[in-house]
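Each chain gets a letter, A, B and so on, in the order the sequences are listed, and its residues count up from 1.
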Number of protein chains: 2
Amino acid sequence: MEGSAPRRTRIQQEKRELILEAALEVFSTNGFRGSTIDQIAEAAGMSKPNLLYYFRRKEDIHETLMERLLATWLAPLRELDDIGDPLTELRSYIRRKLEMARDFPRESRLFANEILQGAPRIMPLLEGELKTLVDEKAAVIKGWMRAGKIARTDPWHLIFSIWATTQHYSDFDVQVRAVLGPNRGGDGRFEDAARFLEQLFIDGLKPKN
Amino acid sequence: MEGSAPRRTRIQQEKRELILEAALEVFSTNGFRGSTIDQIAEAAGMSKPNLLYYFRRKEDIHETLMERLLATWLAPLRELDDIGDPLTELRSYIRRKLEMARDFPRESRLFANEILQGAPRIMPLLEGELKTLVDEKAAVIKGWMRAGKIARTDPWHLIFSIWATTQHYSDFDVQVRAVLGPNRGGDGRFEDAARFLEQLFIDGLKPKN
DNA sequence: GCAAATTTTGACCGATTGGACAAACGTTAG
DNA sequence: CTAACGTTTGTCCAATCGGTCAAAATTTGC
(Lines give C-alpha, C1' and ligand atoms only; values in the text may rest on other atoms or scores of the structure.)
Protein backbone atom coordinates (compact mmCIF):
# COMPACT_ATOMS: atom_id res chain seq x y z
CA MET A 1 0.00 0.00 0.00
CA GLU A 2 1.18 3.47 -0.92
CA GLY A 3 1.13 5.46 2.28
CA SER A 4 1.31 9.25 2.15
CA ALA A 5 0.07 11.12 -0.88
CA PRO A 6 2.80 13.07 -2.66
CA ARG A 7 3.17 16.70 -1.61
CA ARG A 8 1.63 18.97 -4.22
CA THR A 9 1.72 22.66 -5.00
CA ARG A 10 -1.38 24.73 -5.65
CA ILE A 11 -0.72 24.71 -9.41
CA GLN A 12 -0.27 20.95 -9.42
CA GLN A 13 -3.60 20.42 -7.69
CA GLU A 14 -5.43 22.70 -10.08
CA LYS A 15 -3.84 21.34 -13.23
CA ARG A 16 -4.33 17.73 -12.19
CA GLU A 17 -8.01 18.48 -11.63
CA LEU A 18 -8.20 20.11 -15.06
CA ILE A 19 -6.60 17.10 -16.70
CA LEU A 20 -8.87 14.62 -14.95
CA GLU A 21 -11.94 16.58 -16.01
CA ALA A 22 -10.74 16.64 -19.62
CA ALA A 23 -9.77 12.96 -19.51
CA LEU A 24 -13.19 11.99 -18.18
CA GLU A 25 -14.75 13.66 -21.20
CA VAL A 26 -12.39 12.01 -23.67
CA PHE A 27 -12.14 8.54 -22.14
CA SER A 28 -15.89 8.21 -21.61
CA THR A 29 -16.65 8.85 -25.27
CA ASN A 30 -13.72 7.08 -26.92
CA GLY A 31 -12.69 4.38 -24.50
CA PHE A 32 -9.16 3.98 -23.18
CA ARG A 33 -7.44 2.78 -26.32
CA GLY A 34 -9.55 5.05 -28.49
CA SER A 35 -8.35 8.14 -26.64
CA THR A 36 -5.04 9.86 -27.25
CA ILE A 37 -2.94 11.95 -24.90
CA ASP A 38 -3.10 14.75 -27.44
CA GLN A 39 -6.89 14.79 -27.29
CA ILE A 40 -6.85 15.01 -23.51
CA ALA A 41 -4.16 17.67 -23.55
CA GLU A 42 -6.09 19.77 -26.02
CA ALA A 43 -9.31 19.39 -24.04
CA ALA A 44 -7.41 20.50 -20.95
CA GLY A 45 -5.89 23.44 -22.81
CA MET A 46 -2.26 22.46 -22.50
CA SER A 47 0.53 20.84 -24.50
CA LYS A 48 1.15 17.10 -24.44
CA PRO A 49 4.55 17.30 -22.70
CA ASN A 50 2.98 19.61 -20.14
CA LEU A 51 0.27 17.09 -19.43
CA LEU A 52 2.86 14.34 -19.10
CA TYR A 53 4.55 16.45 -16.46
CA TYR A 54 1.53 15.92 -14.22
CA PHE A 55 0.74 12.35 -15.20
CA ARG A 56 3.73 10.35 -16.39
CA ARG A 57 1.66 7.79 -18.30
CA LYS A 58 -1.73 7.65 -19.99
CA GLU A 59 -2.68 4.76 -17.74
CA ASP A 60 -2.04 6.83 -14.63
CA ILE A 61 -4.78 9.26 -15.63
CA HIS A 62 -7.22 6.44 -16.26
CA GLU A 63 -6.33 4.73 -13.02
CA THR A 64 -6.81 7.88 -10.95
CA LEU A 65 -10.14 8.49 -12.66
CA MET A 66 -11.24 4.93 -11.98
CA GLU A 67 -10.39 5.02 -8.29
CA ARG A 68 -12.35 8.21 -7.71
CA LEU A 69 -15.25 6.95 -9.77
CA LEU A 70 -15.80 3.73 -7.89
CA ALA A 71 -16.13 5.45 -4.54
CA THR A 72 -18.88 7.81 -5.66
CA TRP A 73 -20.44 5.17 -7.85
CA LEU A 74 -21.11 2.78 -5.02
CA ALA A 75 -22.19 5.43 -2.54
CA PRO A 76 -25.93 5.00 -3.21
CA LEU A 77 -25.79 1.26 -2.55
CA ARG A 78 -23.78 1.85 0.62
CA GLU A 79 -26.57 4.07 1.88
CA LEU A 80 -29.15 1.32 1.49
CA ASP A 81 -29.82 0.70 5.11
CA ASP A 82 -31.61 -1.72 7.35
CA ILE A 83 -33.24 1.07 9.32
CA GLY A 84 -36.32 2.63 7.78
CA ASP A 85 -39.10 1.23 5.67
CA PRO A 86 -37.83 -1.33 3.10
CA LEU A 87 -39.89 -0.06 0.20
CA THR A 88 -38.89 3.53 0.97
CA GLU A 89 -35.25 2.51 1.12
CA LEU A 90 -35.43 0.74 -2.24
CA ARG A 91 -37.38 3.56 -3.79
CA SER A 92 -34.79 6.14 -2.84
CA TYR A 93 -31.97 3.84 -3.94
CA ILE A 94 -33.52 3.62 -7.39
CA ARG A 95 -34.11 7.34 -7.45
CA ARG A 96 -30.52 8.11 -6.47
CA LYS A 97 -29.20 5.71 -9.09
CA LEU A 98 -31.30 7.32 -11.79
CA GLU A 99 -30.19 10.78 -10.69
CA MET A 100 -26.60 9.68 -11.06
CA ALA A 101 -27.32 8.39 -14.55
CA ARG A 102 -28.76 11.82 -15.36
CA ASP A 103 -26.12 13.96 -13.64
CA PHE A 104 -22.99 11.91 -14.20
CA PRO A 105 -23.39 10.14 -17.53
CA ARG A 106 -19.70 10.36 -18.35
CA GLU A 107 -18.74 8.53 -15.20
CA SER A 108 -21.27 5.84 -16.01
CA ARG A 109 -19.97 5.45 -19.53
CA LEU A 110 -16.38 5.28 -18.35
CA PHE A 111 -17.34 2.46 -16.05
CA ALA A 112 -19.36 0.69 -18.74
CA ASN A 113 -16.43 0.91 -21.15
CA GLU A 114 -14.17 -0.73 -18.61
CA ILE A 115 -16.58 -3.57 -17.84
CA LEU A 116 -17.43 -4.15 -21.50
CA GLN A 117 -13.80 -4.77 -22.25
CA GLY A 118 -13.47 -7.37 -19.56
CA ALA A 119 -12.62 -5.07 -16.65
CA PRO A 120 -8.87 -5.63 -17.14
CA ARG A 121 -7.96 -2.84 -14.74
CA ILE A 122 -10.54 -3.26 -11.98
CA MET A 123 -11.21 -6.98 -11.83
CA PRO A 124 -9.80 -7.31 -8.28
CA LEU A 125 -12.11 -4.55 -7.09
CA LEU A 126 -15.15 -6.29 -8.55
CA GLU A 127 -14.33 -9.60 -6.90
CA GLY A 128 -13.35 -7.93 -3.65
CA GLU A 129 -14.90 -4.69 -2.51
CA LEU A 130 -17.90 -4.78 -4.85
CA LYS A 131 -18.83 -8.40 -4.19
CA THR A 132 -18.55 -7.87 -0.43
CA LEU A 133 -20.81 -4.83 -0.57
CA VAL A 134 -23.42 -6.49 -2.75
CA ASP A 135 -23.46 -9.66 -0.65
CA GLU A 136 -23.96 -7.53 2.44
CA LYS A 137 -26.87 -5.61 0.93
CA ALA A 138 -28.38 -8.78 -0.52
CA ALA A 139 -28.47 -10.12 3.02
CA VAL A 140 -30.31 -7.01 4.19
CA ILE A 141 -32.87 -7.42 1.40
CA LYS A 142 -33.23 -11.10 2.20
CA GLY A 143 -34.00 -10.15 5.77
CA TRP A 144 -36.82 -7.91 4.56
CA MET A 145 -38.21 -10.80 2.55
CA ARG A 146 -38.10 -13.20 5.47
CA ALA A 147 -39.90 -10.62 7.57
CA GLY A 148 -42.62 -10.41 4.93
CA LYS A 149 -41.94 -6.73 4.29
CA ILE A 150 -41.35 -7.19 0.56
CA ALA A 151 -42.12 -9.95 -1.93
CA ARG A 152 -39.62 -12.79 -2.26
CA THR A 153 -37.13 -12.71 -5.14
CA ASP A 154 -33.45 -13.13 -5.82
CA PRO A 155 -31.80 -10.09 -4.16
CA TRP A 156 -28.68 -10.26 -6.35
CA HIS A 157 -30.62 -10.21 -9.59
CA LEU A 158 -32.83 -7.50 -8.14
CA ILE A 159 -29.75 -5.34 -7.64
CA PHE A 160 -28.49 -6.19 -11.13
CA SER A 161 -31.78 -5.16 -12.67
CA ILE A 162 -31.74 -1.85 -10.82
CA TRP A 163 -28.23 -1.20 -12.06
CA ALA A 164 -29.15 -2.22 -15.59
CA THR A 165 -32.31 -0.17 -15.90
CA THR A 166 -30.95 3.01 -14.38
CA GLN A 167 -27.57 3.00 -16.12
CA HIS A 168 -29.34 2.32 -19.39
CA TYR A 169 -30.39 5.97 -19.39
CA SER A 170 -26.78 7.16 -19.38
CA ASP A 171 -24.92 4.40 -21.24
CA PHE A 172 -27.52 4.04 -24.00
CA ASP A 173 -28.68 7.64 -23.88
CA VAL A 174 -28.28 8.24 -27.61
CA GLN A 175 -30.42 5.21 -28.36
CA VAL A 176 -33.07 6.23 -25.85
CA ARG A 177 -33.26 9.72 -27.32
CA ALA A 178 -33.29 8.42 -30.88
CA VAL A 179 -36.17 6.04 -30.16
CA LEU A 180 -38.22 8.48 -28.10
CA GLY A 181 -37.83 11.19 -30.70
CA PRO A 182 -37.66 14.94 -30.14
CA ASN A 183 -40.89 15.22 -28.16
CA ARG A 184 -40.75 12.43 -25.62
CA GLY A 185 -36.94 12.26 -25.71
CA GLY A 186 -36.45 15.74 -24.29
CA ASP A 187 -35.58 16.71 -20.74
CA GLY A 188 -38.67 15.00 -19.39
CA ARG A 189 -37.43 11.53 -20.22
CA PHE A 190 -35.81 11.05 -16.83
CA GLU A 191 -39.04 11.83 -15.02
CA ASP A 192 -40.91 9.39 -17.24
CA ALA A 193 -38.25 6.81 -16.50
CA ALA A 194 -38.48 7.50 -12.77
CA ARG A 195 -42.24 6.98 -12.80
CA PHE A 196 -41.92 3.79 -14.81
CA LEU A 197 -39.17 2.28 -12.67
CA GLU A 198 -41.02 3.13 -9.48
CA GLN A 199 -44.05 1.28 -10.75
CA LEU A 200 -42.00 -1.66 -12.03
CA PHE A 201 -39.92 -2.21 -8.93
CA ILE A 202 -41.89 -0.81 -6.02
CA ASP A 203 -45.36 -1.97 -7.01
CA GLY A 204 -43.81 -5.29 -8.05
CA LEU A 205 -42.15 -5.70 -4.70
CA LYS A 206 -45.13 -5.01 -2.52
CA PRO A 207 -45.76 -8.09 -0.40
CA LYS A 208 -48.38 -10.43 -1.84
CA ASN A 209 -51.61 -10.95 0.23
CA MET B 1 -29.14 2.25 -52.67
CA GLU B 2 -26.58 -0.33 -53.70
CA GLY B 3 -28.40 -2.81 -55.88
CA SER B 4 -26.88 -6.19 -56.65
CA ALA B 5 -24.35 -7.78 -54.32
CA PRO B 6 -20.94 -8.32 -55.94
CA ARG B 7 -20.36 -11.74 -57.48
CA ARG B 8 -18.15 -13.82 -55.21
CA THR B 9 -16.13 -16.99 -55.54
CA ARG B 10 -16.32 -19.85 -53.09
CA ILE B 11 -13.00 -18.85 -51.49
CA GLN B 12 -14.15 -15.26 -51.13
CA GLN B 13 -17.30 -16.30 -49.33
CA GLU B 14 -15.43 -18.59 -46.95
CA LYS B 15 -12.63 -16.18 -46.20
CA ARG B 16 -14.98 -13.26 -45.72
CA GLU B 17 -16.92 -15.38 -43.22
CA LEU B 18 -13.69 -16.26 -41.43
CA ILE B 19 -12.67 -12.62 -41.21
CA LEU B 20 -16.07 -11.50 -39.94
CA GLU B 21 -16.00 -14.16 -37.24
CA ALA B 22 -12.53 -13.09 -36.14
CA ALA B 23 -13.46 -9.41 -36.31
CA LEU B 24 -16.53 -9.99 -34.14
CA GLU B 25 -14.29 -11.47 -31.49
CA VAL B 26 -11.77 -8.64 -31.64
CA PHE B 27 -14.12 -5.68 -32.09
CA SER B 28 -16.47 -6.82 -29.34
CA THR B 29 -13.72 -6.93 -26.75
CA ASN B 30 -11.61 -3.96 -27.82
CA GLY B 31 -14.02 -1.60 -29.56
CA PHE B 32 -13.47 -0.23 -33.03
CA ARG B 33 -10.56 2.09 -32.37
CA GLY B 34 -9.06 -0.32 -29.88
CA SER B 35 -8.83 -3.08 -32.46
CA THR B 36 -6.12 -3.37 -35.08
CA ILE B 37 -6.22 -4.99 -38.49
CA ASP B 38 -3.26 -7.13 -37.45
CA GLN B 39 -5.21 -8.53 -34.49
CA ILE B 40 -8.12 -9.46 -36.72
CA ALA B 41 -5.82 -10.94 -39.36
CA GLU B 42 -4.04 -13.05 -36.79
CA ALA B 43 -7.31 -14.23 -35.28
CA ALA B 44 -8.46 -15.18 -38.78
CA GLY B 45 -5.19 -16.97 -39.49
CA MET B 46 -4.04 -14.84 -42.39
CA SER B 47 -1.69 -12.00 -43.19
CA LYS B 48 -2.76 -8.37 -43.02
CA PRO B 49 -2.46 -7.68 -46.77
CA ASN B 50 -4.42 -10.86 -47.40
CA LEU B 51 -7.20 -9.66 -45.16
CA LEU B 52 -7.18 -6.30 -46.89
CA TYR B 53 -7.72 -8.12 -50.16
CA TYR B 54 -11.17 -9.14 -48.91
CA PHE B 55 -12.05 -5.95 -47.04
CA ARG B 56 -10.33 -2.85 -48.38
CA ARG B 57 -10.73 -0.86 -45.19
CA LYS B 58 -11.08 -1.61 -41.49
CA GLU B 59 -14.36 0.25 -41.47
CA ASP B 60 -15.81 -2.03 -44.14
CA ILE B 61 -15.46 -5.01 -41.82
CA HIS B 62 -17.14 -3.18 -38.98
CA GLU B 63 -19.92 -1.94 -41.23
CA THR B 64 -20.67 -5.40 -42.61
CA LEU B 65 -20.71 -6.80 -39.10
CA MET B 66 -23.05 -4.07 -37.93
CA GLU B 67 -25.54 -4.57 -40.75
CA ARG B 68 -25.83 -8.28 -40.10
CA LEU B 69 -26.05 -7.75 -36.38
CA LEU B 70 -28.96 -5.37 -36.43
CA ALA B 71 -31.18 -7.70 -38.41
CA THR B 72 -30.79 -10.62 -36.00
CA TRP B 73 -30.74 -8.32 -33.02
CA LEU B 74 -34.16 -6.91 -33.68
CA ALA B 75 -35.73 -10.19 -34.74
CA PRO B 76 -37.19 -10.98 -31.29
CA LEU B 77 -38.95 -7.63 -31.09
CA ARG B 78 -40.29 -8.05 -34.62
CA GLU B 79 -41.87 -11.31 -33.55
CA LEU B 80 -43.79 -9.63 -30.74
CA ASP B 81 -47.22 -9.98 -32.19
CA ASP B 82 -50.76 -8.82 -31.59
CA ILE B 83 -52.12 -12.33 -31.97
CA GLY B 84 -51.85 -14.55 -28.91
CA ASP B 85 -52.05 -13.83 -25.21
CA PRO B 86 -50.27 -10.56 -24.27
CA LEU B 87 -48.52 -11.92 -21.18
CA THR B 88 -47.38 -14.98 -23.10
CA GLU B 89 -46.07 -12.80 -25.90
CA LEU B 90 -44.12 -10.62 -23.49
CA ARG B 91 -42.84 -13.60 -21.57
CA SER B 92 -41.40 -15.22 -24.67
CA TYR B 93 -39.96 -11.92 -25.86
CA ILE B 94 -38.06 -11.59 -22.60
CA ARG B 95 -36.98 -15.21 -22.80
CA ARG B 96 -35.70 -14.83 -26.36
CA LYS B 97 -33.85 -11.67 -25.46
CA LEU B 98 -32.16 -13.38 -22.54
CA GLU B 99 -31.25 -16.35 -24.70
CA MET B 100 -29.59 -14.02 -27.15
CA ALA B 101 -27.62 -12.43 -24.32
CA ARG B 102 -26.47 -15.93 -23.36
CA ASP B 103 -25.78 -17.27 -26.85
CA PHE B 104 -24.53 -14.16 -28.64
CA PRO B 105 -22.70 -12.07 -26.06
CA ARG B 106 -20.16 -10.81 -28.57
CA GLU B 107 -22.85 -9.38 -30.80
CA SER B 108 -24.40 -7.66 -27.81
CA ARG B 109 -21.08 -6.17 -26.76
CA LEU B 110 -20.33 -4.98 -30.27
CA PHE B 111 -23.64 -3.16 -30.29
CA ALA B 112 -23.10 -1.75 -26.81
CA ASN B 113 -19.68 -0.45 -27.81
CA GLU B 114 -21.16 1.36 -30.75
CA ILE B 115 -23.96 2.96 -28.73
CA LEU B 116 -21.67 3.89 -25.85
CA GLN B 117 -19.51 5.90 -28.19
CA GLY B 118 -22.41 7.87 -29.51
CA ALA B 119 -23.51 5.51 -32.30
CA PRO B 120 -21.49 7.45 -34.90
CA ARG B 121 -21.96 4.76 -37.52
CA ILE B 122 -25.56 3.70 -36.98
CA MET B 123 -27.35 6.83 -35.83
CA PRO B 124 -29.59 6.97 -38.95
CA LEU B 125 -30.69 3.41 -38.29
CA LEU B 126 -31.64 4.20 -34.71
CA GLU B 127 -33.71 7.21 -35.69
CA GLY B 128 -35.22 5.40 -38.65
CA GLU B 129 -35.75 1.66 -38.67
CA LEU B 130 -35.39 1.13 -34.92
CA LYS B 131 -37.65 4.00 -33.88
CA THR B 132 -40.32 2.90 -36.35
CA LEU B 133 -40.24 -0.65 -35.05
CA VAL B 134 -40.37 0.36 -31.40
CA ASP B 135 -43.19 2.85 -31.98
CA GLU B 136 -45.12 0.14 -33.76
CA LYS B 137 -44.68 -2.36 -30.94
CA ALA B 138 -45.38 0.27 -28.31
CA ALA B 139 -48.72 0.81 -30.02
CA VAL B 140 -49.45 -2.91 -29.79
CA ILE B 141 -48.65 -2.91 -26.09
CA LYS B 142 -50.74 0.19 -25.57
CA GLY B 143 -53.63 -1.66 -27.19
CA TRP B 144 -53.26 -4.45 -24.66
CA MET B 145 -53.36 -1.92 -21.85
CA ARG B 146 -56.47 -0.23 -23.18
CA ALA B 147 -58.13 -3.64 -23.44
CA GLY B 148 -57.27 -4.27 -19.79
CA LYS B 149 -55.13 -7.29 -20.66
CA ILE B 150 -52.05 -5.94 -18.90
CA ALA B 151 -51.41 -3.23 -16.35
CA ARG B 152 -50.92 0.33 -17.60
CA THR B 153 -47.40 1.67 -17.95
CA ASP B 154 -45.20 3.48 -20.40
CA PRO B 155 -44.63 0.98 -23.24
CA TRP B 156 -41.40 2.63 -24.44
CA HIS B 157 -39.76 2.52 -21.04
CA LEU B 158 -41.03 -1.02 -20.62
CA ILE B 159 -39.16 -2.01 -23.78
CA PHE B 160 -36.07 -0.13 -22.61
CA SER B 161 -36.08 -1.94 -19.29
CA ILE B 162 -36.38 -5.31 -21.01
CA TRP B 163 -33.44 -4.44 -23.22
CA ALA B 164 -31.43 -3.15 -20.27
CA THR B 165 -32.01 -6.09 -17.95
CA THR B 166 -31.43 -8.82 -20.53
CA GLN B 167 -28.40 -7.27 -22.20
CA HIS B 168 -26.90 -6.65 -18.79
CA TYR B 169 -26.12 -10.37 -18.65
CA SER B 170 -23.94 -10.16 -21.75
CA ASP B 171 -22.53 -6.65 -21.65
CA PHE B 172 -21.73 -6.71 -17.93
CA ASP B 173 -21.11 -10.44 -17.74
CA VAL B 174 -17.73 -10.13 -16.04
CA GLN B 175 -19.25 -7.98 -13.34
CA VAL B 176 -22.19 -10.32 -12.87
CA ARG B 177 -19.89 -13.32 -12.52
CA ALA B 178 -17.53 -11.47 -10.21
CA VAL B 179 -20.35 -10.44 -7.89
CA LEU B 180 -22.14 -13.79 -7.90
CA GLY B 181 -18.92 -15.65 -7.22
CA PRO B 182 -17.94 -19.13 -8.38
CA ASN B 183 -21.01 -20.91 -7.00
CA ARG B 184 -23.96 -18.77 -8.05
CA GLY B 185 -22.08 -17.26 -10.98
CA GLY B 186 -21.75 -20.54 -12.87
CA ASP B 187 -23.81 -21.79 -15.78
CA GLY B 188 -27.00 -21.57 -13.75
CA ARG B 189 -26.96 -17.80 -13.61
CA PHE B 190 -29.04 -17.43 -16.75
CA GLU B 191 -31.79 -19.63 -15.37
CA ASP B 192 -31.80 -17.63 -12.15
CA ALA B 193 -31.99 -14.47 -14.20
CA ALA B 194 -34.84 -15.88 -16.30
CA ARG B 195 -36.83 -16.72 -13.17
CA PHE B 196 -36.19 -13.31 -11.68
CA LEU B 197 -37.09 -11.36 -14.83
CA GLU B 198 -40.24 -13.38 -15.33
CA GLN B 199 -41.36 -12.52 -11.85
CA LEU B 200 -40.37 -8.87 -12.19
CA PHE B 201 -42.03 -8.21 -15.52
CA ILE B 202 -44.81 -10.75 -15.88
CA ASP B 203 -46.14 -10.72 -12.34
CA GLY B 204 -45.71 -6.95 -12.35
CA LEU B 205 -47.71 -6.60 -15.52
CA LYS B 206 -50.67 -8.71 -14.52
CA PRO B 207 -53.75 -6.50 -14.65
CA LYS B 208 -54.72 -5.01 -11.31
CA ASN B 209 -58.13 -6.00 -9.81
C1' DG C 1 -2.09 -28.92 -69.73
C1' DC C 2 -2.19 -24.17 -70.02
C1' DA C 3 -3.54 -19.48 -69.95
C1' DA C 4 -6.25 -16.35 -67.44
C1' DA C 5 -7.98 -15.06 -63.22
C1' DT C 6 -7.70 -15.19 -58.42
C1' DT C 7 -5.30 -15.38 -54.08
C1' DT C 8 -1.27 -14.71 -51.04
C1' DT C 9 2.87 -12.60 -49.62
C1' DG C 10 6.84 -9.46 -48.31
C1' DA C 11 8.42 -5.13 -48.53
C1' DC C 12 7.27 -0.70 -47.93
C1' DC C 13 4.96 4.08 -46.84
C1' DG C 14 3.26 8.12 -44.41
C1' DA C 15 0.71 9.25 -40.33
C1' DT C 16 -0.12 8.79 -35.61
C1' DT C 17 0.90 7.08 -31.24
C1' DG C 18 2.92 7.21 -26.25
C1' DG C 19 6.57 9.02 -24.24
C1' DA C 20 11.64 11.18 -23.31
C1' DC C 21 14.49 15.14 -22.77
C1' DA C 22 16.90 19.26 -22.35
C1' DA C 23 16.35 23.90 -22.73
C1' DA C 24 13.57 27.88 -21.77
C1' DC C 25 10.41 30.20 -18.93
C1' DG C 26 8.04 31.64 -14.58
C1' DT C 27 7.59 32.00 -9.68
C1' DT C 28 8.93 32.63 -5.19
C1' DA C 29 11.63 32.95 -0.91
C1' DG C 30 15.37 35.26 1.07
C1' DC D 1 18.19 41.02 -7.14
C1' DT D 2 18.99 36.41 -7.48
C1' DA D 3 19.34 31.62 -6.76
C1' DA D 4 16.47 27.66 -6.38
C1' DC D 5 12.61 25.48 -7.63
C1' DG D 6 8.55 24.60 -10.29
C1' DT D 7 6.43 24.79 -14.86
C1' DT D 8 6.13 24.84 -19.93
C1' DT D 9 7.60 24.06 -24.52
C1' DG D 10 9.82 22.34 -29.00
C1' DT D 11 12.09 18.73 -30.67
C1' DC D 12 12.78 14.22 -31.14
C1' DC D 13 12.23 8.96 -31.04
C1' DA D 14 10.84 4.15 -31.63
C1' DA D 15 6.76 1.56 -32.14
C1' DT D 16 2.51 0.88 -34.17
C1' DC D 17 -1.07 2.10 -37.09
C1' DG D 18 -3.99 1.62 -41.61
C1' DG D 19 -3.15 0.86 -46.05
C1' DT D 20 -0.47 0.24 -50.92
C1' DC D 21 1.86 -2.35 -54.45
C1' DA D 22 4.16 -5.39 -57.35
C1' DA D 23 5.50 -9.87 -57.61
C1' DA D 24 4.87 -14.67 -56.53
C1' DA D 25 1.89 -18.59 -55.78
C1' DT D 26 -2.31 -20.81 -56.52
C1' DT D 27 -6.75 -21.93 -58.41
C1' DT D 28 -9.95 -22.14 -62.14
C1' DG D 29 -12.08 -22.48 -66.81
C1' DC D 30 -11.43 -24.57 -71.04
**Request:** Check the distance between D:dT8's P and A:L18's CG and give it to me in whole angstrom.
**Result:** 11 Å

**Request:** Report the distance from atom CD of B:Q13 to atom P of C:dT7, rounded to the nearest whole Å.
**Result:** 11 Å

Surrounding [atom1] of [X] (heavy atoms of other residues, nucleotides or ligands, distance under 6.0 Å), is the total greater than 12?
{"X": "B:E191", "atom1": "CD", "result": "no"}
{"X": "B:Q39", "atom1": "CD", "result": "yes"}
{"X": "B:F104", "atom1": "CZ", "result": "no"}

**Asked** Quick one: is C:dT6 close enough that its OP1 or OP2 comes under 4.0 Å of any side-chain N or O from B:K15?
**Response** no

**Asked** Counting N and O atoms only, with roles assigned by atom type, does the side chain of A:K15 sit under 3.5 Å from a partner on the main chain of A:Y54, one being a donor and the other an acceptor?
**Response** no

**Message:** Checking the side chain of A:R189 only, and the main-chain atoms of A:G186 only, is there a donor and an acceptor separated by less than 3.5 Å?
**Reply:**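 Side chain of A:R189 to backbone of A:G186: a pair is present.
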
**Message:** Applying ring-ring contact (aromatic ring centres under 6.0 Å, His included), can you list everything that pairs with A:W144, at least two apart in sequence or on another chain?
**Reply:**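 So A:W144 forms no ring-ring contact (aromatic ring centres under 6.0 Å, His included) with any residue.
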
**Fill in**
Counting primed atoms, P, OP1 and OP2 as sugar-phosphate and everything else as base, the B/S/- map of nucleotides 9-19 of chain C against protein heavy atoms under 4.0 Å is BBB-----SBB

**Item:** Check ion pair A:D135-B:R184 (N to O, under 4.0 angstrom)
**Value:** no

**Item:** Presence of salt bridge, A:K48 and A:D38, under 4.0 angstrom
**Value:**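 Salt bridge flag = yes for A:K48 with A:D38.
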
**Request:** Just call it for A:F55: base, sugar-phosphate, or nothing, with non-hydrogen atoms closer than 4.0 Å on any strand.
**Result:**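 Counting heavy atoms under 4.0 Å across all strands, no contact is made by A:F55.
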
**Request:** Please give the angle, rounded to 10 degrees, between the axes at the start and the end of the helix from C:dG1-D:dC30 to C:dG30-D:dC1, where five pairs define each axis.
**Result:**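 The end axes of the helix from C:dG1-D:dC30 to C:dG30-D:dC1 are about 20° apart, to the nearest 10°.
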
**Request:** Sequence neighbours left out, what passes salt bridge (charged side-chain N to carboxylate O under 4.0 Å, His left out) with B:R78? Give chain and number order.
**Result:**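 Salt bridge (charged side-chain N to carboxylate O under 4.0 Å, His left out) check on B:R78 returns B:E129.
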
Check nucleotides 24-30 of chain D against the protein and report each pair of N or O atoms closer than 3.5 Å, with its distance, or say if there are none.
residue : atom : partner : partner atom : Å
D:dT28  : OP1  : B:R10   : NH2          : 2.9

**Message:** Side chain of B:Q12 only, heavy atoms from C-beta on: which candidate in C:dT8, C:dT7, D:dT7 is closest?
**Reply:**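 Side chain of B:Q12 sits closest to C:dT7.
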
Less than 3.5 Å apart, which donor and acceptor atoms pair up between the side chains of residues 18-26 of chain A and the rest of the protein, not counting sequence neighbours?
residue : atom : partner : partner atom : Å
A:E21   : OE1  : A:R106  : NH2          : 3.3
A:E21   : OE2  : A:R106  : NH1          : 2.9
A:E25   : OE1  : A:R106  : NH1          : 2.7

**Prompt:** Taking the six-membered ring for Trp, is the centroid-to-centroid distance between A:F55 and A:H62 below 6.0 Å?
**Reply:** no

